[in-house]
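Worksheet for the structure shown next.
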Amino acid sequence: MKIFYVTDDSYSKEIEEFDGTVLIDFFADWCAPCKMLSPIIEDVAEDVSDRVKVCKVNVESETELAKKFGIMTIPTLVVMENGSVKNRSVGVTGKRAIMDMLEQKQ
């Protein structure tokens with residue numbers, strides 16, 4: 001399992017230029033719901049790492065990325081496919097809902 005921590009500087013390479021599906025977890029270290037979601041994200045990453053790139057973005061240190069995605073509440077999960085946003089979820093959610101989000105890619 002590999003989770004990529006994305007910064008403003010690495011965003012283009014890690015996410016925009018990635019050919020495939022990306023799950024982005026927007027979080028902050030002080031956020032209790034984010035801490036609740038973190039082990040679920042790790043579990044999802046374990047299951048999908050062969051077909052989905054799982055990334056985390058700290059909204060405190062990466063404010064430009066938070067603005068770019070219009071993040072108003074954390075945790076927020078964003079699913080991207082080939083550089084385009086396909087799905088989004090706000091708040092703590094379960095593994096099944098995240099897996100469904102990855103499959104739907106609206």
Side-chain angles (χ1 to χ4, degrees):
M1 166 194 66
K2 174 109 172 133
I3 296 178
F4 298 84
Y5 285 81
V6 177
T7 65
D8 292 333
D9 293 337
S10 68
Y11 169 75
S12 183
K13 175 181 173 265
E14 295 292 348
I15 295 174
E16 278 188 334
E17 296 173 12
F18 183 73
D19 185 26
T21 304
V22 180
L23 172 65
I24 310 168
D25 174 18
F26 288 89
F27 76 102
D29 291 331
W30 51 263
C31 169
C34 299
K35 290 178 184 176
M36 291 170 51
L37 185 60
S38 190
I40 298 168
I41 295 298
E42 291 171 9
D43 194 23
V44 167
E46 189 76 34
D47 289 353
V48 301
S49 62
D50 60 328
R51 63 186 188 279
V52 176
K53 186 174 197 175
V54 179
C55 300
K56 292 180 78 80
V57 174
N58 185 326
V59 298
E60 291 287 294
S61 58
E62 308 307 328
T63 56
E64 291 305 311
L65 278 178
K67 286 179 193 174
K68 177 181 178 79
F69 282 87
I71 304 301
M72 303 296 287
T73 305
I74 52 174
T76 294
L77 299 176
V78 174
V79 176
M80 296 186 70
E81 181 79 25
N82 301 320
S84 299
V85 174
K86 298 297 181 186
N87 215 329
R88 174 183 288 250
S89 171
V90 176
V92 177
T93 189
K95 181 179 179 181
R96 181 73 261 151
I98 296 169
M99 298 297 277
D100 288 346
M101 235 175 74
L102 291 170
E103 295 302 318
Q104 290 171 2
K105 295 182 285 193
Q106 299 171 339

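Numbers for residues simply follow the sequence, beginning at 1. Below, all heavy atoms of this structure are taken into account, side chains as well, without hydrogens, waters or symmetry copies.
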Note to self: Does I98 form a side chain to side chain contact (heavy atoms under 4.5 Å, CB included) with V54? I'd like the steps, not just the answer.
What the structure shows: CA-CA 12 Å; I98 296 169; V54 179; over 6 Å; no

Next item on the list: Tell me, please, which residues at least two apart from F26 pass ring pair (Phe, Tyr, Trp, His ring centres under 6.0 Å).
Entry: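 Per chain and number, F26 pairs via ring pair (Phe, Tyr, Trp, His ring centres under 6.0 Å) with F69.
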
Mind checking the [atom1]-[atom2] spacing from [X] to [Y]? Nearest 0.5 Å is all I need.
{"X": "L65", "Y": "S10", "atom1": "CG", "atom2": "OG", "result": "8.0 Å"}
{"X": "N87", "Y": "E103", "atom1": "CG", "atom2": "CD", "result": "11.5 Å"}
{"X": "M101", "Y": "L23", "atom1": "CE", "atom2": "CG", "result": "6.0 Å"}
{"X": "T93", "Y": "I41", "atom1": "OG1", "atom2": "CD1", "result": "9.0 Å"}
{"X": "E81", "Y": "D19", "atom1": "CD", "atom2": "CG", "result": "8.0 Å"}
{"X": "I24", "Y": "M80", "atom1": "CD1", "atom2": "CE", "result": "5.5 Å"}

Next item on the list: Taking the side chain as every heavy atom from C-beta outward, state whether E64 and Y11 have any atom pair closer than 4.5 Å.
Entry: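 Heavy-atom side-chain distance check fails, nothing below 4.5 Å.
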
Check: Can you list the residues that meet the salt bridge (Lys or Arg N to Asp or Glu O under 4.0 Å) rule with D8, with sequence neighbours excluded?
Finding: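 Here no residue qualifies.
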
Check: Same cluster or not: are L102 and V90 linked, directly or through other Ile, Leu, Val, Met, Phe, Trp or Tyr residues, by side-chain heavy atoms under 4.5 angstrom apart?
Finding: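 As far as the 4.5 Å side-chain criterion goes, V90 and L102 are not connected within one cluster.
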
Checklist line | M72 with L37, same ILVMFWY side-chain cluster at under 4.5 Å | finding: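 Different hydrophobic clusters.
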
Compare every heavy atom of [Y] with every heavy atom of [X], then report the nearest pair and how far apart it is.
{"X": "A28", "Y": "N58", "answer": "CA-OD1, 4.1 Å"}
{"X": "G20", "Y": "N82", "answer": "N-OD1, 2.8 Å"}
{"X": "I15", "Y": "C55", "answer": "CG1-SG, 4.1 Å"}
{"X": "G70", "Y": "R88", "answer": "O-NH1, 4.2 Å"}
{"X": "P75", "Y": "C31", "answer": "CD-SG, 4.2 Å"}

Next item on the list: Please assess V52 against V44 for the test side chain to side chain contact (heavy atoms under 4.5 Å, CB included), listing each intermediate value before the final yes or no.
Entry: CA-CA 10 Å; V52 176; V44 167; over 6 Å; no

Notebook entry, point to check: Counting only N and O atoms by type, is there a donor-acceptor contact under 3.5 Å from the side chain of D25 to the main-chain atoms of L77?
Noted result: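 Checking the backbone N and O of L77 against the side chain of D25, no donor-acceptor pair under 3.5 Å is found.
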
Notebook entry, point to check: Is there a donor-acceptor contact under 3.5 Å from the side chain of K56 to the main chain of F27?
Noted result: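 Between the backbone of F27 and the side chain of K56 there is no qualifying donor-acceptor contact (under 3.5 Å).
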
Next item on the list: Dump the intermediate steps for side chain to side chain contact (heavy atoms under 4.5 Å, CB included) on M99 and V48, then the final yes or no.
Entry: CA-CA 9 Å; M99 298 297 277; V48 301; 3.6 Å; yes

Just jot down the side chain to side chain donor-acceptor pair (under 3.5 Å) partners of [X], sequence neighbours excluded, or say none.
{"X": "K68", "answer": "none"}
{"X": "R51", "answer": "none"}
{"X": "E62", "answer": "none"}

Next item on the list: Report the C-alpha distance between K95 and D47 in whole Å, list the side-chain angles of each, state the deciding distance to 0.1 Å, and finish with yes or no for side chain to side chain contact (heavy atoms under 4.5 Å, CB included).
Entry: CA-CA 10 Å; K95 181 179 179 181; D47 289 353; 2.3 Å; yes

Note to self: Could you list the cluster mates of V92? Members are the ILVMFWY residues connected by side-chain heavy atoms closer than 4.5 Å, either directly or through other members.
What the structure shows: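 Traced through the cluster, V92 reaches M36.
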
